[in-house]
Structure formats: structure tokens, C-alpha cells
Amino acid sequence: MLTVKMTAQSMREMMGEAFDFEVYEKGRQDARKLYYDHPEEIKSKVEEVTRRIESGEFRHTPGPSYWIGCLCEFNFMPSQPLQH
């Protein structure tokens with residue numbers, strides 16, 4: 001099987017009109033909340049998000065726009081959460 005690597009922005013562009021910006025923002029907000037509330041879960045959650053996007057398995061979960069939002073937010077987070 002061939003595999004293609006692409007950025008989250010590329011995935012957004014490929015989705016075209018199917019991309020849901022509100023769902024994307026929900027994914028970003030949920031990832032940010034997890035980052036601050038449960039930093040110990042970040043590594044496993046990043047792996048889950050990556051695996052879900054790579055497999056295209058979205059049954060009984062939010063759609064791809066949500067997971068792309070999570071991925072984008074995780075990409076911009078420092079390795080250690082800031083204290084708030």
C-alpha cells in the first residue's frame with residue numbers, strides 16, 4: 001500500500017466544501033483543553049488523532065474536520081503545558 005504524507009492545511013484544501021470550519025474549531029478547542037487539563041494524555045491522544053486520520057476511520061466519531069483541528073492545535077503546542 002502506498003502512503004502519502006501531507007500537512008493539515010493540505011488535508012483541509014482537499015476536503016474543499018466538505019470541510020466544516022466550526023467542527024475544526026471544536027477540535028482545536030478540545031485539544032487545547034486536553035493540553036491544559038490532562039497533559040499526561042497528550043502523547044497518546046496525538047497518536048490516536050494521527051492514527052484516525054491515517055486510517056480514515058471516522059465512524060461513530062466526529063468527522064475529519066474535527067481531527068484535523070486537533071492535529072493543527074497539537075502541532076502548535078509547546079512540549080510542556082504552560083501553567084495557568
In Å and rounded to the nearest 0.5 Å, what is the CG to CE distance from Asp20 to Met15?
8.0 Å

So for atom CD, which belongs to Glu22, do other residues, nucleotides or ligands contribute more than 12 heavy atoms lying within a distance under 6.0 Å?
no

If I take atom CD from residue Gln29 and atom CG from residue Leu34, how far apart are they, to the nearest 0.5 angstrom?
13.5 Å

For Gly63 and Phe58, the nearest pair of non-hydrogen atoms, with its separation, is C-CD2, 4.2 Å

In Å, rounded to the nearest 0.5 Å, how long is the span from CZ of Arg28 to CZ of Phe21?
7.0 Å

Between CE on residue Met11 and OG on residue Ser65, distance to nearest 0.5 Å
11.0 Å

Could you tell me whether Glu73 and Arg32 make a salt bridge, using a distance below 4.0 angstrom between a side-chain N and a carboxylate O?
yes

Note, His38 side chain near Lys33 side chain (heavy atom, < 4.5 Å)
no

On a heavy-atom basis, which atom in Cys70 and which in Gly27 lie closest, and how many Å separate them?
SG-O, 3.4 Å

Can you name the residues that form a side chain to side chain donor-acceptor pair (under 3.5 Å) with Arg12, not counting sequence neighbours?
none

Least distance between heavy atoms, Cys72 atom then Ala8 atom:
SG-CB, 3.3 Å

So, for Thr61 and Trp67, which heavy atoms are closest and what is the spacing to 0.1 Å?
OG1-NE1, 3.6 Å

Salt bridge or not between Glu48 and Lys45? Use side-chain N to carboxylate O under 4.0 Å.
yes

Of all the heavy-atom pairs spanning Met77 and Ala31, show the shortest one and how long it is.
CE-O, 3.3 Å

Separation between OG1 of Thr7 and CD1 of Ile68, rounded to the nearest 0.5 Å
9.5 Å

Hydrophobic cluster membership, Phe74 vs Met6, 4.5 Å side-chain cutoff:
yes

Here the pair of heavy atoms bringing Asp37 nearest to Pro39 is C-CD, 3.6 Å

Using a strict cut-off of less than 4.0 Å between a Lys/Arg side-chain nitrogen and an Asp/Glu carboxylate oxygen, indicate whether Arg51 and Glu47 qualify as a salt bridge.
no

Short side-chain donor-acceptor distance under 3.5 Å, Asp30 and Tyr66
yes

